[in-house]
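Quick caveat, the model's predicted, so the values are computed rather than measured.
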Amino acid sequence: MSRLYRLVPASVLFLVVVPAHAADEAQDWLLRIHRAPESLNYEGTFVYQHAGRLDTMRIFHRSADGAVTERLVSMTGPAREVIRNDKEVRCYLPDQKSIFVEQRRLGRSPLLAIVPDRLSDLTQNYSIQLGGSGRVAGRSAQQLTIRARDDYRYGYRLWADKDTGLLLRAELMSENGKKLEQFMFTQLNLGGDIMDSMLAAHTSGDGMSWFRDDEVKEGGPTLSWKPAQLPSGFKLFRNVLRRLPRDERIVRQLVYTDSLAAVSVFIEDLGDAAKSNELVEGPTTMGALNAVGRILDGHHVTVVGEVPAKTIIMISDSLEPESR
C-alpha cells in the first residue's frame, strides 16, 4: 500500500530546531483560527475534496450573542442542505426524502475545524510551524503546517486570513505527504448582516421522513471492550449509548482523541448488526477514513477514524473486555 511507503523516517523529519518565539507565534495563529468563527459573520463558496470526490458548497455563517449558526447548501452532486448550531445538526436530503438530526459531539465539520482547546496536548504529538504568505479567495493568507511526530496520525497544511484568522484553506496530509482531503474557499464575503432567512432551511419538510440520532441511557450491547494499546496522546473522550437513525439500533460508541485526530469504537449486538445489512468484517478504506470490523463474543465491533490504517489496526487488535 502506497500509504505505508516512506522515503524518509518520521524521526528524521522532525529533528528540527525551531526558535521558541516562532513556535509561540505558530500557536497564536492556531488560537486565532480556532476563535475566528465565534466572532465573525460571513457567506461564501468553498470546495471540499475527499474520497475521490469534489463537492462545491455554499455557506452562510452567523455569530450572535455567543451562539453560532450555519447553513450549508450543496451546489454539486445530490441535493443537500445542512443547518448547524451549537446543539445539533440537521441534514436535509430531498432525493432520499429524509431529514437526519444529530446531536453535536466533537464539532468536526467539512470546514475541518481542527484546532483543539488544549495546545499543550497537541504539541506533544505534533510539530507546529509557521510558513509563508499566500492568497486564497483573493485574500492574504498566513500558512501554517502541523506535522505528526509519528505515523499514527495525519498532518495538516492550513491557510488563515491575515486580517481575521478565519481558516480559508486546509489540507489533510498522509504520513507520506500525500494530500488526502482539501477544503478551500473560492469566494468569501466577510462581515455584514446574515439574515434569519439565510439560515433557515429552504427544503420543505413535507413528505419527508425524520430520523434522529440520540444518546440513550439504557439498552444496546451487553458487553464492552477497551483497547489495551493506544498511540501516544490518545485518551478516552466520550463513552455513550446511541440510538441510530432509520432502524433505531442502539450501539455503544467510545471516542478516543489526541486533541486533533479522533477514533471511534462502535459496539453492538451481533444479531442487530446482521439484521441491518451493515455487518462489515475486515479493513475498509475510503479516502482518509479507515475502518476495520470484527466479531467478538457475540458482538460486532467497528473501529473507524480519519487516521492511518495502522492506528485502526493497533486499536482493533488490542481490544480486551472491559472489567465490570
Side-chain angles (χ1 to χ4, degrees), residues 33-34 36-38 40-63 68-85 88-102 104 106-115 134-144 154-174 178-205 208 285-289 306:
I33 293 172
H34 179 60
E38 299 173 357
L40 293 175
N41 289 355
Y42 57 86
E43 55 90 12
T45 302
F46 68 88
V47 292
Y48 181 45
Q49 183 179 0
H50 61 113
R53 293 175 47 187
L54 181 64
D55 294 328
T56 301
M57 306 287 292
R58 185 87 177 141
I59 183 171
F60 302 88
H61 177 104
R62 183 175 71 189
S63 175
V68 172
T69 306
E70 290 182 339
R71 172 171 164 258
L72 297 95
V73 183
S74 64
M75 309 296 290
T76 57
R80 287 164 294 161
E81 188 173 13
V82 180
I83 311 294
R84 295 199 299 236
N85 57 37
E88 68 176 24
V89 179
R90 292 191 177 191
C91 184
Y92 296 77
L93 303 173
D95 292 352
Q96 300 180 26
K97 297 187 180 303
S98 300
I99 301 172
F100 290 86
V101 182
E102 180 181 2
R104 294 298 296 268
L106 285 177
R108 292 292 299 270
S109 77
L111 297 188
L112 296 177
I114 62 172
V115 181
R135 283 176 61 80
V136 180
R139 300 187 64 88
S140 295
Q142 172 65 55
Q143 185 182 6
L144 201 63
Y154 296 139
Y156 298 82
R157 285 200 296 255
L158 312 178
W159 287 260
D161 181 54
K162 284 193 172 183
D163 291 335
T164 65
L166 182 67
L167 186 63
L168 300 178
R169 177 180 175 183
E171 296 176 352
L172 179 66
M173 310 300 296
S174 73
K178 178 182 177 182
K179 189 193 307 180
L180 297 173
E181 293 183 358
Q182 178 179 209
F183 143 79
M184 182 172 64
F185 271 106
T186 57
Q187 177 270 326
L188 178 65
N189 294 321
L190 276 165
D193 292 331
I194 301 296
M195 311 303 293
D196 289 345
S197 59
M198 298 178 179
L199 298 172
H202 290 196
T203 303
S204 172
M208 305 273 273
T285 297
M286 182 178 296
L289 191 71
E306 281 195 341

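With Tyr154 contributing its side chain and Ala288 its backbone, the two residues share a donor-acceptor pair below 3.5 Å. Under the 3.5 Å distance criterion, the side-chain polar atoms of His50 are left unmatched by any main-chain donor or acceptor of Gly287. For the pair Ser63 (side chain) and Glu38 (backbone), a donor-acceptor distance under 3.5 Å is present. No donor-acceptor pair under 3.5 Å is formed between the side chain of Ser140 and the backbone N or O of Lys162.
The CD atom of Glu306 lies 6.0 Å from the CG atom of Leu289; values are rounded to the nearest 0.5 Å. Taking CZ from Phe46 and CG from Leu167, the interatomic distance works out to 11.0 Å, rounded to the nearest 0.5 Å. The CG atom of Leu172 sits 5.0 Å away from the CG atom of Leu180 when rounded to the nearest 0.5 Å. Taken from OH in Tyr42 to CD1 in Ile59, the straight-line distance is 4.5 Å, to the nearest 0.5 Å.
Taking every heavy atom of both residues into account, Gly205 and Ile99 meet most closely at CA-CD1, 4.1 Å. Summarising the geometry of Arg135 relative to Gly138, their closest heavy-atom pair is NH2-O, 3.0 Å, with the distance given to 0.1 Å. Nearest heavy-atom pair across Ala160 and Ile33 is CB-CG1, 3.7 Å. Residues Thr76 and Leu54 share a closest heavy-atom pair of OG1-O, 4.0 Å.
With sequence neighbours left out, Phe100 forms a ring pair (Phe, Tyr, Trp, His ring centres under 6.0 Å) with Phe211.
Open room surrounds CE on Met286; 12 or fewer heavy atoms of other groups in view lie less than 6.0 Å from it.
Residue pairs meeting the salt bridge (Lys or Arg N to Asp or Glu O under 4.0 Å) criterion with at least one partner in residues 71-80, sequence neighbours excluded, are Asp55-Arg80, Arg71-Glu81.
With a 4.5 Å cut-off on side-chain heavy atoms, Leu166 and Leu188 count as touching. Side-chain atoms of Tyr156 and Leu144, non-hydrogen and from C-beta on, never get closer than 4.5 Å to each other. Within the 4.5 Å cutoff, the side chain of Tyr48 has heavy atoms near those of the Glu181 side chain. Put simply, the side chain of Lys179 reaches to within 4.5 Å of the side chain of Met173, judged on heavy atoms.
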Side-chain polar contacts of residues 189-197 - donor-acceptor pairs under 3.5 angstrom, sequence neighbours left out - could you list them?
| from | atom 1 | to | atom 2 | distance (Å) |
| --- | --- | --- | --- | --- |
| Asn189 | ND2 | Glu43 | OE2 | 2.4 |
| Asp196 | OD1 | Arg62 | NH1 | 2.8 |
| Asp196 | OD1 | Arg62 | NH2 | 3.0 |

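Tested against Arg84 for a side chain to side chain donor-acceptor pair (under 3.5 Å), the candidates His61, Glu102, Glu70 yield a single pass: Glu70.
Side-chain contact of Gln143 with Arg157: a donor-acceptor pair under 3.5 Å is absent, judged by distance alone.
Classification of the Phe183-Phe185 ring pair by plane angle, with boundaries at 30° and 60°, yields perpendicular.
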